[in-house]
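Everything below concerns the one structure shown next.
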Number of protein chains: 2
Amino acid sequence: MDVARILVGGEWRPANAEATFHAANPATGQDLPLAFPVSRWSDCDLALAAATRAATELRTIKPEKIAAFLEAYADNMEAAATIIVAAAEETALSVTPRLKDVELPRAANQLRLAAAAARTESWRRATIDLEKNIRSCFAPIGPVVVFGPNNFPLAFNGVSGGDFAAAIAAGNPVIAKAHPLHPNTTRLLAEQAFKAIEMAGLPPATVQLIYNVSNENGLKLVSDPRVGAVGFTGSRNAGLQLKRAAEDAGKPIYLEMSSINPVIFLPGALVERSEQLAAELVDSVLAGSGQFCTSPNLVLAFDTLQTEPFLAQVARSFKERSAQPLLSAAGRKQLHEGVTALTSAGAELITGGNYVLGEGYCYANTLLHVTASQFLAAQHELQREIFGNATLAVTLRNQQELQSILRLLQGNLAGAIYSAMSGEDDEIYNAIAPLLREKVGRLLNDKMPTGVAVSPAMVHGGPYPSASHPGFTSVGIPASIHRFAKLECYDSVRSERLPALLRDTIANPSTWRTINGGWIKG
Amino acid sequence: MDVARILVGGEWRPANAEATFHAANPATGQDLPLAFPVSRWSDCDLALAAATRAATELRTIKPEKIAAFLEAYADNMEAAATIIVAAAEETALSVTPRLKDVELPRAANQLRLAAAAARTESWRRATIDLEKNIRSCFAPIGPVVVFGPNNFPLAFNGVSGGDFAAAIAAGNPVIAKAHPLHPNTTRLLAEQAFKAIEMAGLPPATVQLIYNVSNENGLKLVSDPRVGAVGFTGSRNAGLQLKRAAEDAGKPIYLEMSSINPVIFLPGALVERSEQLAAELVDSVLAGSGQFCTSPNLVLAFDTLQTEPFLAQVARSFKERSAQPLLSAAGRKQLHEGVTALTSAGAELITGGNYVLGEGYCYANTLLHVTASQFLAAQHELQREIFGNATLAVTLRNQQELQSILRLLQGNLAGAIYSAMSGEDDEIYNAIAPLLREKVGRLLNDKMPTGVAVSPAMVHGGPYPSASHPGFTSVGIPASIHRFAKLECYDSVRSERLPALLRDTIANPSTWRTINGGWIKG
């Protein structure tokens with residue numbers, strides 16, 4: 001049997017496999033032909049040893065070379081776009097527009113922004129106290145293990161996404177653990193990465209790829225002494241296990257785990273533009289079949305004259321739009337379990353709530369409803385992430401109910417408030433926005449949370465348990481890079497022994513540093 | 001019996017005490033008269049509830065008021081200096097120069113630097129993407145619980161030290177847990193803090209003080225849902241318990257735990273200035289009776305002609321200098337256990353190694369010695385923090401031995417290399433500095449690690465287990481403030497609803513922000 005090779009220690013080599021697995025095509029439910037290995041610990045051990053050596057070597061390499069690698073990889077990725085997105089059969093995401101026109105360009109853009117950050121070194125926040133001759137800056141933290149999620153096979157892939165780009169920009173080697181739902185996409189990306197490594201002359205083990213490991217070896221991997229840090233995007237259950245293992249070993253681990261992303265419609269907004277808002281909500285909930293980390297799982301609307309027609313329009317659109325395949329059979333099963341848990345807790349099923357018969361992993365677009373008093377009475381059961389094309393609408397009798405709900409929300413990545421352009425909702429807005437602010441990393445106005453722009457000001461993170469630490473973001477360069485860096489201080493170190501970045505004068509005119517308290521460029 | 005009151009919910013109130021305790025005078029071993037309470041959970045609960053309300057109120061208060069509080073507190077502290085340092089009987093640290101001339105001015109200086117940071121808001125790192133209308137900044141994380149250590153009763157005290165100043169500057173209320181070895185010092189400081197709160201008109205529960213709690217309630221406190229973050233400076237054993245409890249609850253916790261702070265003398269340095277270096281080492285090891293987090297516990301020197309006389313001079317000075325009291329009887333016992341563990345593992349006792357008879361908690365200044373091969377053969381036993389006036393010298397036959405030792409070191413706060421001014425040690429320096437760099441937060445040249453200057457470039461932190469996260473520092477403003485902050489993003493939020501800091505133009509001309517990628521002041 002032909003089994004895909006892992007990329008470890010600078011070569012594509014056969015895994016020491018304890019088992020093999022196949023990805024499936026979510027549109028047909030059929031297994032795809034290529035077999036992938038579940039690595040034994042010895043593969044992880046080899047990767048860790050090679051990453052340790054690569055980390056040491058990378059510390060002596062000029063940032064320009066790291067930037068050149070990231071740019072070459074972006075170029076390679078674009079050149080091989082047709083091949084890479086052909087692996088869409090693993091995810092049933094559309095080749096165009098989704099993968100080829102949106103996600104691959106986004107991934108390439110992130111690599112180029114990371115390259116620019118690596119080149120200027122401004123992300124290192126060099127801080128110089130000339131009087132006391134103390135100097136410090138961020139420096140690479142060591143080998144980074146990245147677990148990519150199921151839902152963005154290119155832009156969040158462990159071997160090509162935001163965590164990868166940030167870890168590499170900081171000067172760290174990456175050991176990527178593929179998501180087992182799209183191993184071939186990951187393999188094709190890693191091929192382009194590895195070509196770029198050879199082009200740029202980086203240590204060959206700067207990028208390594210393992211397809212899958214047992215649960216036990218996953219925990220062992222993130223807590224290994226040779227690891228510098230871990231990046232994880234995925235489910236809360238898997239995330240919390242990795243979190244504990246890594247933290248018990250003293251390893252920083254950054255997790256993006258779960259979020260219901262409340263969207264609030266204030267009364268005046270529905271008076272002004274109910275139809276448009278219903279259309280926006282439908283697009284947002286059904287984007288990627290609801291499998292976005294920022295998908296609105298909780299819709300909050302006051303019980304006014306507009307609300308019933310508003311929800312009726314959403315329900316109508318949900319029925320009209322054909323259900324898109326979910327990423328896996330397990331995902332569909334979990335979605336159904338989630339919907340069932342909500343109805344068991346008293347939610348009314350307005351539309352959907354059942355499997356769509358046929359070949360693929362489709363589930364009917366689903367809208368549920370409860371009143372605020374029901375929600376408040378059963379919040380543990382009803383405040384629940386339902387990952388997929390479903391959302392729960394809550395109707396509110398008054399502002400107090402909304403405030404009560406906001407107070408008991410867990411941490412979320414994002415939350416939005418739609419209000420009247422006329423200003424008539426401003427009083428309610430002012431009363432509730434501070435409550436929502438405390439519960440989300442990103443607060444939006446008049447906009448759905450599902451677009452996560454790549455911007456230096458973006459925060460894709462939030463209060464626990466949406467993310468593991470509210471002071472970090474996984475999207476947005478340079479901020480996302482700091483997750484994979486440590487602070488290094490040089491106290492009275494002789495001038496010629498300092499890193500170039502920390503000397504009194506530097507060659508690079510585009511580097512921002514703080515000297516004696518003020519920011520200075522060049 | 002008269003029991004000191006706790007400062008909770010904006011008043012000095014009787015604790016709900018499950019027990020009481022007394023501090024002792026380490027110079028005499030006698031208990032001091034004032035009784036302090038060990039609080040039951042209800043005191044913690046009251047403090048958490050009051051802190052939650054204060055946190056909400058603080059979010060609406062202008063930074064200027066927070067700055068005014070910090071400055072008033074610094075002024076009050078200086079005005080009450082004589083009273084505060086009279087509590088030196090709890091620690092037996094010298095009133096002058098240590099407490100009055102060094103530590104209290106340092107604490108006041110930290111408060112003023114924190115005030116300046118709060119006032120400019122530059123620490124919030126406002127980041128504005130005008131084109132996409134996405135804006136983000138650091139914001140207060142919520143109530144911060146601070147556990148101060150035994151060794152710096154003023155400058156690291158939970159109610160006056162660096163963690164306190166940083167947490168307040170970020171706009172958070174602080175619940176301080178006093179160190180039970182100096183409750184009265186802590187009480188006197190809290191009195192000045194509380195006066196300053198009233199002067200500045202901050203929410204009264206911005207600063208709260210509990211003297212002691214059971215182990216169980218300490219763990220419950222750091223993992224309470226109302227807590228934003230935790231700062232801890234102390235022993236590894238206590239720290240790791242708190243770490244697990246806080247992290248399991250998803251709470252950021254910043255710990256500074258243990259460190260042996262290696263100091264390396266290269267051969268040429270000892271040829272050039274052996275006597276001077278021996279004197280520097282003695283001063284550093286015996287400073288604060290060796291009870292500094294950055295005290296050199298491990299001295300590495302090549303076995304050359306100069307080394308025996310060098311160590312002999314250190315031993316002579318250790319014998320000549322009278323031993324100063326340690327902070328507690330338990331500390332002396334642990335020090336003796338540490339020294340005994342080292343000798344059991346093969347270390348030769350050159351001088352000291354025994355209790356000094358008499359009233360106080362004195363222990364003989366202690367120098368131990370092993371060869372590098374002994375150290376390498378028993379590294380788990382010999383790589384051990386000995387908190388007190390003792391140090392272990394390791395003599396090296398060659399550079400390979402030094403490299404082997406550096407490779408197996410755990411993470412440390414600081415490490416120093418002394419080398420010849422002539423340049424003759426440069427080759428060895430270049431070979432070993434990268435290895436030491438990986439193991440320390442702060443790398444020094446020709447300087448002992450025991451001075452931790454308050455500077456924006458300082459890093460008082462390091463790789464695990466010296467600290468819990470290598471990307472943060474507990475000394476140095478503004479960097480230390482970020483520990484107690486979360487990232488908040490505003491995506492397409494209407495201009496008039498943005499915090500003043502994130503609007504296109506701001507009033508404060510001294511605020512640094514990044515707008516469209518570049519740093520701009522005002």
Side-chain angles (χ1 to χ4, degrees), chain A residues 56 59 127-129 132 134-136 138 141 243-244 247-248 250-252 411 414 429-430 433-434 437 441-447 449 453 455-459 461 463-465 468-473 476 479 482-483 485-494 497 512 514 517-519 521, chain B residues 56 59 127-129 132 134-136 138 141 243-244 247-248 250-252 411 414 429-430 433-434 437 441-447 449 453 455-459 461 463-465 468-473 476 479 482-483 485-494 497 512 514 517-519 521:
Chain A
T56 305
R59 292 228 39 170
T127 304
I128 299 178
D129 181 337
K132 298 199 173 84
I134 302 174
R135 296 149 197 263
S136 59
F138 279 113
I141 201 167
K243 180 176 186 288
R244 192 175 222 211
E247 288 178 343
D248 277 358
K251 303 295 173 189
Y429 182 97
N430 294 334
R437 177 69 283 177
R442 182 166 52 111
L443 173 68
L444 300 104
N445 273 188
D446 309 306
K447 198 178 164 189
S455 158
M458 176 51 66
V459 175
Y464 185 84
S468 51
H469 191 307
F472 293 97
T473 173
H482 296 139
R483 295 175 299 156
K486 62 180 176 185
L487 276 175
E488 288 188 345
C489 179
Y490 294 82
D491 187 343
S492 307
V493 168
R494 298 185 199 171
R497 294 170 175 172
W512 282 99
T514 54
W519 286 93
K521 193 173 179 177
Chain B
T56 304
R59 292 230 36 172
T127 305
I128 299 177
D129 181 335
K132 299 199 173 83
I134 303 174
R135 296 148 198 262
S136 59
F138 279 113
I141 200 167
K243 180 176 187 289
R244 192 176 222 212
E247 288 177 343
D248 277 359
K251 302 295 173 189
Y429 182 96
N430 294 336
R437 175 71 281 176
R442 181 166 53 111
L443 173 68
L444 300 104
N445 273 188
D446 310 307
K447 197 177 163 189
S455 157
M458 176 51 66
V459 175
Y464 185 83
S468 51
H469 190 307
F472 293 98
T473 174
H482 295 138
R483 295 175 299 157
K486 62 179 176 186
L487 276 175
E488 288 188 344
C489 179
Y490 294 81
D491 187 342
S492 308
V493 168
R494 298 185 199 172
R497 294 171 175 172
W512 282 99
T514 55
W519 286 94
K521 193 173 181 179

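Labels below follow one simple rule: chain letters A, B, ... track the order of the sequence lines, proteins then strands, and each chain is numbered from 1. Nothing here was measured: the structure is a model prediction, and the numbers come from that model.
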At what distance, to the nearest 0.5 angstrom, does CD1 of I134(A) lie from NZ of K447(B)?
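These two atoms lie 5.5 Å from each other.
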If the plane angle is over 60° it's perpendicular, under 30° parallel, otherwise tilted; pick one for F472(B) and H469(A).
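If you compare the ring of F472(B) with that of H469(A), the planes turn out parallel.
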For K251(A), all residues meeting side chain to side chain donor-acceptor pair (under 3.5 Å), sequence neighbours excluded:
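With neighbours one apart ignored, the set is empty.
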Chain B contact via [X] - side chain, backbone, both or neither, heavy atoms under 4.5 Å:
X       : answer
R483(A) : neither
D248(A) : both
W519(A) : both
F138(A) : side chain
P465(A) : neither

Set of residues satisfying side-chain contact (heavy atoms from CB on, under 4.5 Å) with respect to Y464(A), sequence neighbours excluded
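Y464(A) satisfies side-chain contact (heavy atoms from CB on, under 4.5 Å) with L240(A), K243(A), M257(A) only.
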4.5 Å side-chain heavy-atom contact, S492(B) and D446(A)
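In short, these two side chains do not touch, never coming nearer than 4.5 Å.
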With chain B as the partner, which of V493(A), D129(A), T127(A) has the greatest number of non-hydrogen pairs under 4.5 Å?
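Heavy-atom pair counts peak at V493(A).
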What residue in M458(A), K132(A), R244(A), H482(A) has the most heavy-atom pairs under 4.5 Å with chain B?
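The residue among M458(A), K132(A), R244(A), H482(A) with the greatest pair count is R244(A).
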Under 4.5 Å heavy-atom distance to chain A, tell me which part of R494(B) shows up: side chain, backbone, both or neither.
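Both parts, backbone and side chain.
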May I ask you to name which of R59(B), E488(B), R135(B), K486(B) has the most heavy-atom pairs under 4.5 Å with chain A?
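Between R59(B), E488(B), R135(B), K486(B), the count favours E488(B).
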Tell me if a side-chain donor or acceptor on S136(B) pairs with a main-chain N or O of A457(A) at a distance below 3.5 Å.
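Between the backbone of A457(A) and the side chain of S136(B) there is a qualifying donor-acceptor contact (under 3.5 Å).
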